[in-house]
Amino acid sequence: MIYVLSGIKGGSGRSTISEHLTVWLAKDGADVLLVDADEQGTVSDFTAWREHTLEGQVGYTLVQLVGANLRKQVETIKPKYDHIVIDTGGRDTTSQRAALIVADVALIPIQPRSHDVWTLAKLTQMLEEIQASRLAPLRVHSFLNRADITSSDNRDTAEALATMAELGFLPHAIKNRKAYPNAGAKGLTVSEMETPDQKAMAEIDALFTHITHGSLISTTAA
Ligand SMILES: Nc1ncnc2c1ncn2[C@@H]1O[C@H](COP(=O)(O)OP(=O)(O)OP(=O)(O)O)[C@@H](O)[C@H]1O
Ligand SMILES: [Mg+2]
């Protein structure tokens, strides 16, 4: 299965979720490829810290691929891996579109903030164009990231997302917790910390279990 972390708002959590999904998928010995399709190189930096912290045992393979060629390169490399996770930059780029064409599932973290919600019309437009140019429909899931622990802001954004069928909203929020940047700074995921944040671990597990085992939510072009 090929997963792409997508979206056109910077800082929504694509890299954080890419790192967690990659490590989560690899936990039972699966061969996982993490594709860094963002020139910023965040998941490459994460992996470099991980190599340092875990003395080389990162548990997955990292490759940097950007531009229109990404599609062909991922198609060629696909048979060697059980899962592929592609991290994209927060803009409508050639790399992000190539990743959305080659992927099976798009995962879209959305922060419950007005500036993020304002990007949703452009995002759905991009996804419509992608769906129209694919042979099989792309499965799309959006979910809240950096959600407030208790706040009506979450509810308003969740309600807005739920009305956009093409964004396949999942009611599994990832909350705003220090555990995420703290783990990321070491090249680790929340469950790998010496004293793991149990709530962070549980919400990650619930989201990924739903995405990997849940019912299929397919969208087609309007
Ligand atoms: N659930 C969370 N709780 C707290 N901090 C978070 C959470 N998710 C991400 N962050 C932090 O928010 C910042 C942005 O996250 P991240 O780099 O994953 O976003 P991005 O969408 O990949 O950004 P970019 O547009 O730069 O690629 C990072 O400092 C990260 O540690
Ligand atoms: Mg990023």
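Note that ligands are numbered from 1 as they come in the structure, with each ligand's atoms numbered from 1 the same way. Values in this document were obtained by computation on a predicted structure and should not be read as measured data.
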Should Glu194 and Lys186 be marked as a salt bridge (Lys or Arg N to Asp or Glu O under 4.0 Å) after you check the CA-CA gap, both sets of side-chain angles, and the distance that decides it? CA-CA 11 Å; Glu194 215 170 302; Lys186 293 188 159 75; over 6 Å; no
Single-linkage hydrophobic cluster Met193~Trp49, side-chain heavy atoms < 4.5 angstrom: no
Quick one: look at Ile17 and ligand 1, take heavy-atom pairs under 4.0 Å, and tell me if it's side chain, backbone, both or neither. neither
Protein heavy atom at shortest distance from atom 3 (N) of ligand 1: Arg177 N, 3.0 Å
Applying the 4.5 Å side-chain criterion to the ILVMFWY set and letting contacts propagate, would Val85 and Leu188 be lumped into a single cluster? no
Can you find a protein heavy atom under 4.0 Å from atom 6 (C) of ligand 1? yes
Of all protein heavy atoms, the one nearest atom 17 (O) of ligand 1 is Ser15 CB, 4.0 Å
If we number the atoms of ligand 1 from 1 as shown, the ones under 4.0 Å from a heavy atom of Asp38 are 27 (O)
Which residue owns the protein heavy atom closest to atom 19 (O) of ligand 1, what's the atom, and how far is it? Gly13 N, 3.0 Å
The test is salt bridge (Lys or Arg N to Asp or Glu O under 4.0 Å); show your working for Arg97 and Glu129 and say whether it passes. CA-CA 9 Å; Arg97 283 185 179 248; Glu129 289 167 23; 3.0 Å; yes
The remaining residues in the hydrophobic cluster of Ile149, counting side-chain heavy-atom contacts under 4.5 Å among Ile, Leu, Val, Met, Phe, Trp and Tyr, are none
Does ligand 1 have an atom that lies less than 4.0 angstrom from a heavy atom of Gly184? no
Pick one of side chain, backbone, both or neither for how Arg146 approaches ligand 1, counting any non-hydrogen atom pair under 4.0 Å. both
Report the C-alpha separation of Arg113 and Asp148 in whole Å, then their side-chain angles, then the decisive distance to 0.1 Å, and conclude whether the salt bridge (Lys or Arg N to Asp or Glu O under 4.0 Å) test is met. CA-CA 10 Å; Arg113 318 274 181 267; Asp148 295 326; 3.6 Å; yes
Same cluster or not: are Leu138 and Met164 linked, directly or through other Ile, Leu, Val, Met, Phe, Trp or Tyr residues, by side-chain heavy atoms under 4.5 angstrom apart? yes
If you measure from atom 20 (P) of ligand 1 to every heavy atom of Arg14, Glu19, Glu39, Glu203, which option wins on shortest distance? Arg14
Min N/O separation Gly11 to ligand 1 under 3.5 Å: yes
Polar proximity ligand 1 side, Gly89 side, N/O cut 3.5 Å exclusive: no
Do Val35 and Val66 sit in one hydrophobic cluster, given that two such residues count as connected whenever their side-chain heavy atoms are within less than 4.5 Å of each other, even indirectly? no
Taking only heavy atoms of Ile174, which atoms of ligand 1 are found under 4.0 Å from at least one of them? 1 (N)
Centroid-centroid under 6.0 Å between Phe208 and His20 rings: no
Less than 4.0 angstrom from a charged side-chain N to a carboxylate O is my criterion; do Glu75 and Arg71 meet it? yes
Please could you name the atoms of ligand 1 that Gly10 approaches to less than 4.0 Å, counting only its heavy atoms? 25 (O)
Short check: any N/O/S atom of Ser15 below 2.8 Å from the Mg ion (ligand 2)? yes
When rounded to the nearest 0.5 Å, the distance separating CG of Asp197 from CG of Asn182 is 9.5 Å
Could you tell me which atoms of ligand 1, counted from 1 in the order shown, lie closer than 4.0 angstrom to a heavy atom of Asn176? 3 (N), 4 (C), 5 (N)
Considering heavy atoms of the protein only, find what lies nearest to atom 26 (O) of ligand 1 and give residue, atom and distance to 0.1 Å. Gln40 NE2, 3.1 Å
Atom 9 (C) of ligand 1 sits nearest the protein heavy atom Thr16 OG1, 3.4 Å
Starting from atom 29 (O) of ligand 1, which protein heavy atom do you reach first, and at what distance in Å? Pro181 CB, 4.8 Å
Given Lys175, Lys178, Arg91, which has its nearest heavy atom closest to atom 1 (N) of ligand 1? Lys175
Test of understanding: given a 4.0 Å heavy-atom threshold, classify the contact between Asn145 and ligand 1 as side chain, backbone, both, or neither. side chain
Short side-chain donor-acceptor distance under 3.5 Å, Thr93 and Gln96: no
